[in-house]
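Chain letters run A, B, ... following the sequence lines, proteins first, then strands; residues in each count from 1. Heavy-atom basis, side chains included; hydrogens, waters and symmetry copies ignored.
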There are 2 protein chains.
Amino acid sequence: MRAVANSASGDSVVDRIVRLLSAFPEDVSALQLSELAERAGLPLTTAHRLVRQLAHHGLLDAAPGGLVRPGLRLWELVNRTAPTLALRQAAMPFMEDIQQVLNQNVNLAVLDGWDALFVERLSRRGSVANRARVAGRMPVHTSSAGLALMAHQDRLLQSQYLDQFADPDGKVATDAVRLLLSETFHQGFAQLKGVVDPDTWGIAVPVLDARQRAVASLGVVVPLREMRLQALVPALQTAARGIARRLNDS
Amino acid sequence: MRAVANSASGDSVVDRIVRLLSAFPEDVSALQLSELAERAGLPLTTAHRLVRQLAHHGLLDAAPGGLVRPGLRLWELVNRTAPTLALRQAAMPFMEDIQQVLNQNVNLAVLDGWDALFVERLSRRGSVANRARVAGRMPVHTSSAGLALMAHQDRLLQSQYLDQFADPDGKVATDAVRLLLSETFHQGFAQLKGVVDPDTWGIAVPVLDARQRAVASLGVVVPLREMRLQALVPALQTAARGIARRLNDS
DNA sequence: TGAAAGCGTCCCATTCAACGGAAGCGGTGC
DNA sequence: GCACCGCTTCCGTTGAATGGGACGCTTTCA
């Protein structure tokens, strides 16, 4: 083979950089250069060069010996200007209140594609602080947060979403999800039991903007035997309204 | 002028992408394309193309009309695999304890260059939740966190740091900082009054690794009239040791 | 102990993707 | 209606990105 010069595979430098940054698995903090190259689908040489350039700017951290890890500067850049910053700031006090009063795990999510993306989470006081799931995802139909978010979206987006389920076996799955969304919409909150964990119950309410679209969801995860549903939901809804008001003000 | 083809200015694509991502100011969530281009020092056309590519991957979010903001996917990528994740997880429970017991603002910082980079912060209960300063920086010699970090580093790094101050007017400034560091080292904690805010007092202790190097600092900001220094410092030191132990275990 | 394998690093000829000036387009204000 | 401003598209030019090959180091295995 002769040297094929610029990206034979037809992807741009940007594509490669994104693949490189995305190649880090969730639970691993450092990766060997060769493994990183393979995960990113890049020739070793190319990966090496890009890593060096990115490391020069601090987006990656390349230890001698080819050990690569995400860089501090990248974290700084992102967390200084994060798109969810305003939302999280607005929500934090309310989340703390919920956590204090109900003594439950609280989470805040936004819709991204067909997933709920968790942007903040407070764990139940006393248990080990659990921020691991921040930046985690769950499919819309398997999380109360996802249902609360999707139930309050444009009809267009909802039907696009429901079309996803049409492929495997006709309309049955679609109808089931449609029913779930409808219930969620009319009740004003979503509940789902035993999905994350068989012994827990997820409950989430939407944070609505002026046009009654969900911009976020506020949820709790409680033990199955929790009996205060009647108290939980109004508390969440009140907090969600508070968050919405703060968002409009700022 | 003729079209000068690839980057006349001699910087790589990576450089440009970094400049683009860094161009967002701290307090602004969205930027006009033309302004972004100017801030990044890029021709409008180039900025436009790069933004479009980055937006395609979700690293940026380009609204029609040229409004650009940081993308959700970037936030997700970084926060899933952040280099400070383990540290923050280890520290969170202890920070919560400090916050509860002392009822003060607590912060966690690491050393990056000649700055303390704040990676986590809990605000005083009752006051508005203040996560704004997460990912904020302060120079080593103007923050108790910075002093606590620098005082427990390699001699080599310290002297490189102190050399910074030699330029303006000889050794006077250097000596002052050296003294500060020395005091901090021997006392086992750093204190600095009225720097962030004239009415507050910053106190920080190092989180030390097995070789007695500071990997992080744990600090509080208290009102000047706070009198419980004798109680504060031991509490912080105990927490710092707890964090260190957790870091070693994992 | 010596060979082989694995890995990071450097080199460098090839060439295509990145570049950016110019022109087009749509909106806004005078 | 014209001038201005900013985003977007187009397209010829060309040098920066590419990646196979080679090297040196360390580790593994016979």
Exercise for the section: With DNA chain C as reference, determine whether A:Leu33 or A:Val14 sits nearer its 5' end, using the nearest nucleotide of each. Expected result: A:Leu33
Practice task
Have a look at the helix from C:dT1-D:dA30 to C:dC30-D:dG1 and give the angle its two end axes make, five pairs each, rounded to 10 degrees.
Solution key: 30°
Practice task
Rounded to the nearest angstrom, tell me the gap between atom CG in B:Leu60 and atom C1' in D:dC7.
Solution key: 16 Å
What donor-acceptor contacts under 3.5 angstrom involve side-chain atoms of residues 144-160 of chain A, with partners at least two apart or in another chain?
from	atom 1	to	atom 2	distance (Å)
A:Gln153	NE2	A:Leu149	O	3.1
A:Gln153	NE2	A:Ala214	O	3.1
A:Asp154	OD1	A:Arg213	NE	2.8
A:Asp154	OD1	A:Arg213	NH2	3.3
A:Gln158	NE2	A:Met150	O	2.8
A:Gln158	NE2	A:Ala151	O	3.1
A:Ser159	OG	A:Arg155	O	3.3
A:Ser159	OG	A:Leu156	O	2.9

Practice task
Give the ring-plane orientation class for B:Phe165 versus B:His141, where under 30° counts as parallel, over 60° as perpendicular and anything between as tilted.
Solution key: perpendicular
Exercise for the section: For residues A:Ala239 and A:Leu218, report the shortest heavy-atom separation together with the two atoms involved. Expected result: CB-CD2, 3.6 Å
What's touching nucleotides 23-30 of chain C from the protein side, N or O pairs under 3.5 Å?
none

Exercise for the section: May I ask you to verify if any side-chain N or O of A:Gln32 is less than 4.0 angstrom from the OP1 or OP2 atom of C:dC7? Expected result: no
Fill in the blank from the handout: Whole-Å distance, B:Arg19 CZ to C:dC19 P, equals 11 Å
Exercise for the section: Check DNA chain D against residues 39-59 of chain B and give the residues with a non-hydrogen atom under 4.0 Å, in numerical order. Expected result: B:Leu44, B:Thr45, B:His48
Practice task
Please name the pair of heavy atoms, one in A:Ala82 and one in A:Arg88, separated by the smallest distance, quoted to 0.1 Å.
Solution key: CB-NH1, 4.2 Å
Exercise for the section: State whether the side chain of B:Asn79 and the backbone N or O of B:Glu76 hold a donor-acceptor pair below 3.5 Å, judged by distance alone. Expected result: no
Completion exercise
When every non-hydrogen atom of B:Pro83 is compared with those of A:Trp75, the smallest separation belongs to CD-CB, 4.3 Å
Problem - A:Asp61: partners by side-chain hydrogen bond (donor to acceptor under 3.5 Å, both in side chains), with sequence neighbours left out - result: none
Practice task
Can you tell me the distance, in whole Å, between the CG atom of A:Asp15 and the C1' atom of C:dA17?
Solution key: 12 Å
Exercise for the section: Decide side chain to side chain contact (heavy atoms under 4.5 Å, CB included) for B:Asp115 and B:Met138; before the verdict, give the C-alpha distance in whole Å, the side-chain angles of both, and the deciding distance to 0.1 Å. Expected result: CA-CA 5 Å; B:Asp115 293 326; B:Met138 295 195 68; over 6 Å; no
Problem - Phosphate contact (C:dA18 OP1 or OP2) by B:Arg16 side-chain N/O below 4.0 Å - result: no
Quick one: side chains of residues 36-47 of chain B, donor-acceptor pairs under 3.5 Å with protein atoms, not counting sequence neighbours, listed by atom name and distance.
none

Problem - Lys/Arg-Asp/Glu bridge criterion (N-O < 4.0 Å) met for A:Asp112, A:Arg137 - result: yes
Problem - Heavy-atom closest contact (A:Leu108 atom, A:Ala216 atom, distance) - result: CD1-CB, 4.3 Å
